[in-house]
Each structure stands twice: as structure tokens, then as C-alpha cells.
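Remarks on the structure that follows.
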Amino acid sequence: MVDTTLAPNAMAVPRPVRPTVTGEDWLVRLCLLLLGLYLVLTLVLPLYTLLAKSLQDKEGQFVGLANFARYFADPAMLQSFGNTIFVSAIGTAITLLMAFLYAYALTRTCMKGRGLFRAIALIPLLAPSLLPGLALVYLFGNQGIFKSLLFGHEIYGPIGIVMGEVFFAFPHALIILVTALSVADARLYEAAESLRARPARIFMTVTLSGCRYGLVSAGLVVFTLIFTDFGVPKVIGGSYNVLATDVYRQVIGQFNFQMGAVVGLLLLLPAVLSFAVDRIIQRKQVALLSARAVPLQPKPRVLIDRLFFCLVAAMAGFLLLVLGMALFGSLVKLWPYNLSLTLKWYDFARAGTDGWGPYFNSLRMAALVAVIGTAIIFCGAYLVEKTRGAGRLRALLHLLAMIPLAVPGIVLGLSYIFFFNAPNNPLNFIYGTMTVLVVNTICHFYTVGHLTAITALKQVDNEFESVAASLKVPLYRTFWRVTVPVCLPAILDISVYLFVNAMTTVSAVVFLYSADTKLMSINAINTDDAGNTASACAMGMTIVATSAVLKGLHSLIMRRVERRTQAWRKR
Amino acid sequence: MTGRTPYLRIEHVSKSFGDFQALKDISLEIYAGEFVCFLGPSGCGKTTLLRAIAGLDIQSAGTIIQNGVDISALPPSQRDFGIVFQSYALFPNLSVADNVGYGLVGGKLSGAEIHQRVGDLLAMVGLTGQERKYPSQLSGGQQQRVALARALAMSPGLLLLDEPLSALDARVRQHLRAELRQLQRRLEVTTIMVTHDQEEALAIADRIVVMNEGRIEQIGTPIDIYRQPEASFVADFVGQMNFLDVEHQSDNVIRLGDAILEIGAGKFSRSGSATLCIRPEDIQIRGVVPGQANSVPATIELMEFLGSFCRAELRLVCGRRLQADFSINAMRDLSLAPGQELTISLPADRIRLFPAQTNVARHHG
Ligand SMILES: Nc1ncnc2c1ncn2[C@@H]1O[C@H](COP(=O)(O)OP(=O)(O)OP(=O)(O)O)[C@@H](O)[C@H]1O
Ligand SMILES: [Mg+2]
């Protein structure tokens with residue numbers, strides 16, 4: 001009480017406090033540094049090598065932008081650049097229109113069977129992107145059932161690419177648009193109706209403007225996916241070249257690494273575009289839902305509900321047709337002459353391919369990616385989100401974890417060759433092994449897992465760590481006893497996401513496999529290249545089945561986890 | 001008080017978040033076994049100070065000494081305290097018993113001893129028999145008790161509570177507040193509680209630290225704080241208070257409009273204008289005759305019935321307004337009603353004077 005009467009400046013200025021650094025702090029810092037080192041080795045340095053390669057000649061001399069100049073002077077190269085933009089733009093427009101109608105029907109109408117339609121729309125996520133390509137060959141190819149619908153046009157080329165990409169990108173757009181359309185404030189609609197606005201006007205001013213950010217971001221995501229996809233154009237592109245197939249040809253076909261690097265960098269353009277647009281949007285974005293918003297309950301409108309039912313059924317039919325065709329193609333003796341059913345195309349050993357070896361390689365890789373990847377990603381997110389101190393390092397790690405989202409698989413794969421195949425790299429020994437495939441795939445899908453983990457961790461009370469410290473309980477014990485169990489659903493989500501993507505991915509690993517580590521998805525491409533489309537379909541379907549089984553297993557496990565933990569989970 | 005050595009000494013502590021100074025040169029002493037409340041409006045830095053004491057967000061400068069040891073730079077795990085947060089931060093996946101025993105496991109105690117201790121702690125907070133439940137199966141008040149038991153499990157020398165009652169409804173809150181006080185008395189554990197509820201602070205604390213904008217405005221017992229606010233901020237923040245502009249007349253005499261009021265000696269020495277503070281319940285109406293010292297004529301404008309008493313809005317002849325609390329008895333005896341004129345008295349010993357408001361604002365701003 002005496003102290004408060006003292007004038008503050010009567011005392012010398014108190015010296016700043018430097019908090020004591022404990023053993024635990026050192027441990028956290030060490031882990032942060034290890035994570036940083038991991039991300040630098042598996043992400044930053046490979047990408048840097050790619051950038052450097054694009055500025056060098058064959059002998060490794062720095063030549064500035066000469067490779068780029070050569071690229072833009074080559075009409076054939078420019079042609080495929082134009083092609084890529086063309087199919088991406090058309091594919092994006094069609095996908096967005098379809099996905100918007102579909103999402104609108106799911107969220108804003110009382111159409112029947114919404115749950116089933118939602119499930120059907122997500123099926124393409126389970127398939128490698130080459131599968132729609134194969135199915136389209138059966139449907140519209142030279143011996144396809146619907147060939148006449150193309151009025152003499154070839155399916156091999158832009159038409160096939162666009163159709164395949166729509167199938168492939170559809171669920172990604174749908175997820176974003178369903179989220180955007182679910183966030184609606186009923187009061188806005190009531191206000192509009194009370195002003196006697198006509199339905200069309202309400203749709204334009206309230207519905208569309210409410211989800212315009214969703215539309216923009218879905219558009220960007222879809223455009224990027226199509227722009228950089230490798231599987232569909234590889235299978236059905238024919239002689240119609242796009243950037244992703246160019247990279248593959250330059251590098252695998254012609255060993256022109258420099259040009260491959262240039263094209264790879266061009267593949268990063270949509271990500272740069274997305275980043276810029278996102279920045280602009282974020283500045284304008286206002287919270288759509290205020291705390292007092294009233295969720296919108298769609299009212300039955302007989303005519304509109306039926307109309308949407310027909311539309312959605314047609315779109316779902318298209319998705320099922322593509323998948324069903326791939327399945328059927330893998331089961332008939334000799335398309336289209338002998339339609340009796342057989343399992344012989346699933347006898348991969350007899351089909352002259354590598355037997356079931358690639359399948360087990362795929363399983364092994366997917367399992368390793370799921371287990372190791374989830375551990376690294378979740379622990380990394382925990383370190384970034386929940387520890388104290390080292391603020392700059394944690395912010396930097398978070399930034400690094402966001403990069404993979406912007407890097408297409410084909411670019412990542414290319415970077416990996418450049419980096420890990422360099423003879424003077426001490427890590428060279430992992431090139432051509434399972435390790436490099438696992439590391440690459442974890443990196444490829446790092447961001448989504450990281451964001452899932454961060455979101456889950458943000459929902460965990462920040463004071464858990466404070467309480468534990470006051471009780472003198474070490475950090476790792478609280479992590480293990482509380483954080484991990486509380487975040488278990490998110491951890492399972494991440495591991496299933498990683499597993500399914502590791503099963504289906506082609507683009508990055510196509511540069512990295514060796515004879516011993518050939519994967520099922522790559523084998524399907526090679527088999528198709530060799531003219532055995534039926535076996536390729538069978539391989540694709542095997543992957544779909546495996547992913548589906550895993551998804552099923554996941555929901556079973558989730559149900560058990562929920563039952564076991566419902567005692568403590570909030571209802 | 002000066003004879004005792006303080007259990008906790010906080011010396012010239014300040015804390016900045018970037019350019020923003022959340023704590024400005026805080027000094028304070030807390031004695032063993034005391035129950036101290038940090039009271040102040042939202043954003044005044046109460047939590048920041050509590051977290052500095054806990055080591056959760058260490059201060060930018062200044063010293064904290066606990067039990068003779070300089071703990072200024074120590075991490076929370078090397079300090080001696082138990083803490084209860086506003087959110088309780090109970091581990092949702094652990095049972096009540098596991099929550100309470102969380103810090104005991106892995107220590108020197110055997111399983112049976114831990115079981116015993118957890119049982120004792122739960123009995124202490126009145127939760128015997130709830131061991132196997134999970135936090136989400138308990139009511140808010142029960143969760144709060146679990147958090148308290150967990151904070152006390154390691155027998156800490158210092159108990160820190162950050163708005164532990166604010167998530168509860170009013171009834172449970174009053175009940176728990178009394179229990180908390182009893183428990184603290186019984187255990188004699190030095191306790192600091194953060195609150196922005198002045199009623200709570202007045203009811204529970206041995207001493208109250210009133211804070212505003214990162215500074216301490218006053219430290220004192222609840223009665224001191226209530227009866228003798230040292231700053232107009234404190235007068236305003238704690239309890240109901242009338243503020244009236246007055247003019248200095250001569251030594252110990254001030255002028256309120258046309259009325260002349262005496263004030264206790266030595267309360268105000270400067271000439272010029274000042275602000276007079278008086279609480280509604282200190283305004284007297286019984287037995288006041290016109291012309292008596294410190295009496296002022298007034299008119300009742302409004303009356304608000306508040307259960308055990310009645311709050312009236314009075315207008316003085318000079319046009320100033322003030323609030324006065326009348327007991328139900330007085331209301332009946334004097335048959336008070338809106339529009340009625342009466343004479344009130346502002347007792348000299350209940351009047352406090354502060355420099356005029358504008359000065360106050362400049363001084364604190
Ligand atoms: N981590 C931080 N970074 C920046 N500013 C902060 C941080 N923590 C607190 N502040 C600021 O410091 C000031 C004091 O915050 P504090 O949480 O101590 O207030 P409080 O008195 O506990 O308020 P309340 O009653 O609302 O809990 C506030 O203005 C707050 O915005
Ligand atoms: Mg606070």
C-alpha cells in the first residue's frame with residue numbers, strides 16, 4: 001500500500017524480464033526446428049531446385065530467362081498453353097454451373113433423396129483421375145455406345161478432356177458451394193419477400209450475392225485442378241497437348257529437364273492467380289452470418305422441387321454412368337463384341353502387367369502415408385497452434401505448411417526428381433525407393449491435413465496447457481492424454497484423406513516410381529498405354545473399391561468412437 | 001500491516017502487447033491467507049496481471065516475489081499456484097476423478113494414496129459420489145467445483161481464480177461465492193480472484209484492488225473502497241454514486257447551487273469547482289427540518305420500487321438531479337410519492353469531494 005503512493009518515476013526504470021527457458025521449452029524448440037528441417041528438405045529445397053533448373057542450361061550454367069524465351073518462341077509449346085487455358089475455362093464453367101445447381105438443390109429445396117444424391121456426388125473423390133478418361137473411351141470412343149452423340153467429333157481431345165475433368169472436379173466444387181449455400185440468413189429472404197421482390201430478383205440479389213465468394217473460390221479451385229491435372233489428358237487427350245502432359249513428355253520422353261521446369265513453373269500460374277484473387281476477396285469479405293442469424297429452412301415448392309429432382313438425377317446419372325461404364329468395361333469379355341461377363345481382366349498377372357505387386361505397393365504406400373503423414377501433420381499443427389514462444393518460427397512453419405496446396409502434383413514430382421536424383425545430394429539414396437514416394441505424397445497433401453488439424457486444435461480450450469503447467473504435468477503427457485483423444489475424429493479424418501489420396505494419386509508419383517515400387521494407379525496408365533483398356537479399368541475399379549472400403553471402415557470406426565466417447569462429448 | 005512480510009510482492013510490473021500497454025507500473029503486496037479481488041471494467045488488465053503472476057504471460061518488466069523467492073522469470077511449471085479459469089478448462093475426456101487427480105499421477109503418491117486424496121478433495125467441494133462422471137454430465141456449478149478441487153489438489157500456496165463464477169446464473173453464483181469464501185478461510189490459502197462484478201468483490205474479498213486502464217486506482221478493504229473511494233473512478237465503479245458539480249466557498253464549506261454544505265475538515269483545500277459524491281443510501285430524509293445544516297429542498301420526480309427499498313429520482317431547486325434510496329418504512333411513514341416536495345440532508349461525513357470531472361478526465365486520460 002505504501003508503494004502505490006510512490007511516484008512511478010521516483011524509481012529507476014525496471015529492467016525487462018527475460019523468461020527462463022526450461023527443458024520443455026528446448027524440447028518444443030527442437031521439435032519445431034525438426035519440423036522446419038523436414039519441410040525444408042521435402043518442400044522448399046525441391047521447389048527451389050525446380051526454379052533453379054528453369055534458369056539453367058543443360059550444363060547447369062545460369063542462363064537467365066533464356067529457357068522461357070525459347071518456350072514462348074516455340075509455337076507447339078504455346079499451342080498447348082492455349083489448349084490448357086481453353087479446356088480449363090470451359091471445364092470450369094460447366095463444372096460450376098452443374099455444381100451450383102446440384103448444391104442449390106441439396107441445400108435450398110425439399111427435393112427427395114438429398115442424402116443419397118450427396119453421397120453419389122462424392123464418389124469421384126474415390127477414383128484416380130484417369131478412370132473417367134477410360135470410361136469415356138468406352139462411352140464415346142471409336143467403339144463407344146454413344147459415339148453418334150458426338151456428331152462425328154472425336155472424344156480423344158478437348159471434348160473428352162472437358163468431360164473427364166468435369167467428373168473429376170465436380171465434388172470439389174460441390175463441397176465448397178454446399179458450404180456457401182448452407183450459410184444463409186432466413187431473415188434476408190423474409191425481408192426481400194416483404195418488399196415484394198419477385199423470385200428472380202430475390203435469387204439474384206440474395207442467393208447469388210450471398211454465395212458469390214463461394215462461387216469465386218470454387219471457380220478458382222476447379223480451374224486450378226483442371227489446369228494442372230495429368231490423369232485425364234494422359235488417357236483421353238490423344239494428340240491434344242496440355243501443360244501437364246507436356247511436362248511429362250519433356251522430362252520422361254525427351255529428358256529435357258530445363259523445358260520441363262519451365263512448363264512446371266507455368267503450372268503454378270493458377271495458384272498465383274488464386275492467391276491474388278483471394279487477397280482481394282478477403283478484403284471485401286464480410287461475415288455473412290451474424291450471431292443472431294436465423295438458419296434458412298427450405299419450404300416445399302412442388303414444381304421447383306420436381307424440376308430440381310430431374311436435373312440432379314440427370315447429373316448424378318452422368319456420374320454413375322461414367323463410374324458404371326468403367327466397372328462394366330472391366331467386366332466384359334471383349335467390348336463391344338462379346339458382352340458376357342468375366343473376371344479375367346482382374347487377373348493382372350495374366351494380363352501381362354506386373355500382377356498384384358503394384359496393388360500391394362499402393363496399399364503399403366497409402367498405409368505408410370496415412371500413419372506417418374498423420375503423425376507428422378498433427379504433431380506439426382499442435383506445435384504451431386498450441387505451444388508458447390518462438391512466435392516467428394511457428395508463423396513461418398504455418399506458412400510453409402500452406403504451400404503444398406498451391407503446388408500441383410506434377411510440379412512437386414518434377415521438383416523431387418531434380419532434387420533427390422541429383423548425384424551430389426546426400427539424400428540421393430532414397431530416390432527410387434518407397435521412402436521417396438511416401439515423403440512426396442505426404443508433402444503433396446500436407447495442407448488440407450494441416451488445416452483440418454489446426455481447425456480441430458483451435459476448438460480445444462487453450463487453457464489445457466496452462467492448467468497442466470500449473471499442475472506440473474509435462475506438455476507431452478497432456479498432449480497424449482487429452483489433446484489426442486479429444487481430436488481423434490479429426491485425426492481419423494486426416495488419415496483417411498491421406499490414404500484415399502495416396503491410393504488415387506498419379507501426377508506426382510509418376511516421376512518417382514521405380515520397377516520395385518510401381519503403384520496401381522501408375523500401372524493403370526501404363527496398361528492403358530499398352531492398349532489393354534479393360535485391365536486398366538479393372539485396376540482403376542480396384543482402387544475405387546479399396547478407397548470405398550476404407551471410407552466404410554472409417555465411418556464404422558467413427559461410430560464406435562462416438563459410442564465410446566459419447567459419455568463425454570457434448571451432445 | 002507493515003510489520004508482516006508479504007507473501008506476494010509485485011513491484012513495478014508492466015506489460016506491453018506491441019505498442020499497447022496493458023499493465024502500467026503495477027505495485028502491490030498480498031499477505032498470506034488473504035483473499036484479494038482484482039476488480040475493474042472489461043479490458044483493464046486484470047487477467048493480464050493474473051497471468052503474469054501465474055507465469056503464463058510473463059510481464060515485460062518488473063519483479064514478482066512469492067514467499068521470498070523472485071519468480072519473475074520462472075515458467076508456470078516452476079511456480080507454486082493452482083488456477084481456475086472462466087472456462088474451467090476441464091479435460092472433457094477424463095472423469096471427474098481423473099481431472100482432479102491429473103497432477104497427482106506420476107508424482108510420489110501411490111495409486112491408493114491418489115484415490116484417497118481425490119476422494120478428500122471431492123468431499124471438500126461437496127462432490128462425493130460423482131467421481132466417475134464426465135465434466136459434460138455435470139451442471140455448471142459442479143464443473144466449477146471440480147475445477148476448484150483440481151486447482152487445490154497439489155496444495156498450492158497461491159490460488160488464482162479468473163472470473164470463476166461469471167459463467168453461472170445469479171442464484172448458483174451467490175451460493176458458490178459463499179462456499180468459496182468458507183473454503184478459502186478453512187484452508188487459509190492465499191487467493192486472488194479476478195472479477196468485474198463489484199458486488200461479488202465487496203462480498204468476498206479481504207481486500208480489493210480496483211484497476212482501470214492498466215493501473216491500480218485503489219487498494220483497500222471492501223468498506224474502505226465503498227466508504228472512502230480515493231478516486232472518482234472508484235466512486236463511480238463501485239456501488240451507486242451521485243456526482244454533483246459544486247463550487248468551493250471557503251474552508252470546509254462548499255456551495256451546491258444556492259445551498260451551502262459543510263464538509264468534514266481537510267477534505268478539499270483547493271478553491272474553484274469540484275465534484276461532490278454521495279451514495280443514494282446516504283441521503284437522509286427522516287427528521288430533517290428546513291434550514292438545518294446540509295439540508296436541501298428537493299422534489300421527487302420518479303420512484304422505482306426495487307424490492308426491499310425504493311430508489312427515487314430527486315430534483316433539487318438548482319435543477320440538478322440525484323438518486324436517493326428510501327426504505328419501505330420511510331416511504332410509508334412519510335407517504336412519499338412522485339411530485340412531492342421534501343427536504344433532504346447530505347451528511348457531512350458521507351460526502352466525498354474530488355477535483356472537478358474535467359480535471360479528472362485529463363489526469364487519467
Ligand atoms: N495477447 C494479447 N495481445 C494483445 N493485446 C492483449 C492481449 N491480451 C490482452 N490484451 C489487451 O490487454 C488489455 C487487458 O486485457 P485483459 O484480458 O487483462 O483484460 P481484463 O481486465 O481481464 O478484461 P475482462 O474483464 O474482459 O476479462 C485489453 O485491452 C486487451 O485487449
Ligand atoms: Mg479477463
Side-chain angles (χ1 to χ4, degrees), chain A residues 1-26 28 388-389 391 459-489 561 564-571, chain B residues 1-2 9-14 24-25 27-29 51 54-63 72-79 81-95 98 102-107 133-137 147 150-151 153-154 156 160 216 218-220:
Chain A
M1 227 177 269
V2 180
D3 278 347
T4 53
T5 57
L6 278 178
N9 51 5
M11 296 288 294
V13 180
R15 74 199 149 77
V17 180
R18 304 192 119 263
T20 314
V21 182
T22 59
E24 193 164 85
D25 291 336
W26 285 118
V28 165
R388 288 178 196 286
Q459 285 163 2
V460 177
D461 197 328
N462 263 331
E463 308 298 5
F464 284 177
E465 279 72 26
S466 309
V467 166
S470 79
L471 295 172
K472 325 272 180 279
V473 174
L475 200 59
Y476 53 84
R477 214 168 88 205
T478 306
F479 174 75
W480 189 243
R481 274 199 74 192
V482 180
T483 313
V484 168
V486 169
C487 294
L488 196 58
V561 167
R564 267 190 48 197
T565 61
Q566 71 184 4
W568 55 266
R569 267 188 210 291
K570 298 250 161 61
R571 292 148 293 263
Chain B
M1 217 171 244
T2 37
R9 290 179 68 118
I10 297 168
E11 292 171 353
H12 304 291
V13 161
S14 51
K24 301 165 190 161
D25 195 45
S27 294
L28 154 80
E29 293 176 349
R51 292 180 73 87
L56 295 168
D57 285 314
I58 291 180
Q59 68 275 17
S60 319
T63 314
S72 308
L74 295 184
S77 54
Q78 292 176 19
R79 301 188 185 198
F81 71 96
I83 190 161
V84 176
F85 291 101
Q86 188 173 3
S87 65
Y88 310 144
L90 294 175
F91 304 129
N93 61 322
L94 301 184
S95 66
D98 287 342
Y102 193 74
L104 303 170
V105 176
K133 286 195 179 166
Y134 289 101
S136 64
Q137 297 167 321
R150 182 177 64 182
M154 317 279 281
L160 304 177
I216 293 181
Q218 184 172 358
I219 306 176

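Letters A, B, ... mirror the listed sequences (proteins, then strands); counts begin at 1.
The part of B/Phe85 that comes within reach of chain A is its side chain, from C-beta onward, which places non-hydrogen atoms under 4.5 angstrom from that chain. If you measure heavy-atom distances from B/Leu74 to chain A, the contacts under 4.5 Å come from both the backbone and the side chain. With a 4.5 angstrom heavy-atom cutoff, B/Leu90 touches chain A only via backbone atoms. Interface residue A/Thr478: backbone and side-chain heavy atoms are both found under 4.5 Å from chain B. In this structure, the portions of B/Val105 lying under 4.5 Å from any heavy atom of chain A include both its backbone and its side chain. When heavy atoms are compared at a cutoff of 4.5 Å, B/Leu56 approaches chain A by way of both its backbone and its side chain. With a 4.5 angstrom heavy-atom cutoff, B/Arg150 touches chain A via backbone and side-chain atoms both.
Among B/Ala54, B/Ser95, B/Pro75, B/Gly55, the residue making the largest number of heavy-atom pairs under 4.5 Å with chain A is B/Pro75. Options A/Val473, A/Val482, A/Thr483, A/Asp25 differ in how many heavy-atom pairs under 4.5 Å they form with chain B, and the most are formed by A/Val482.
For the atom pair B/Glu11 CD and B/Asp25 CG, the distance stands at 10.5 Å (nearest 0.5 Å). Atoms CD and CD1, from B/Glu29 and B/Ile10 in turn, are 9.5 Å apart once rounded to the nearest 0.5 Å. A distance of 5.0 Å separates CZ of B/Arg51 from OG of A/Ser466, quoted to the nearest 0.5 Å.
Without hydrogens or angle criteria, B/Asn93 side chain to A/Arg481 main chain gives a donor-acceptor distance under 3.5 Å. Counting only distance, with no hydrogens or angles, the side chain of B/Lys24 and the backbone of B/Val13 share no donor-acceptor pair below 3.5 Å.
If you check the side chains of B/Ser87 and A/Asp461, you find a donor sitting under 3.5 Å from an acceptor.
Ionic pairing of A/Glu24 and A/Arg388 is not present here: no N-O contact between side-chain nitrogen and carboxylate oxygen is shorter than 4.0 angstrom.
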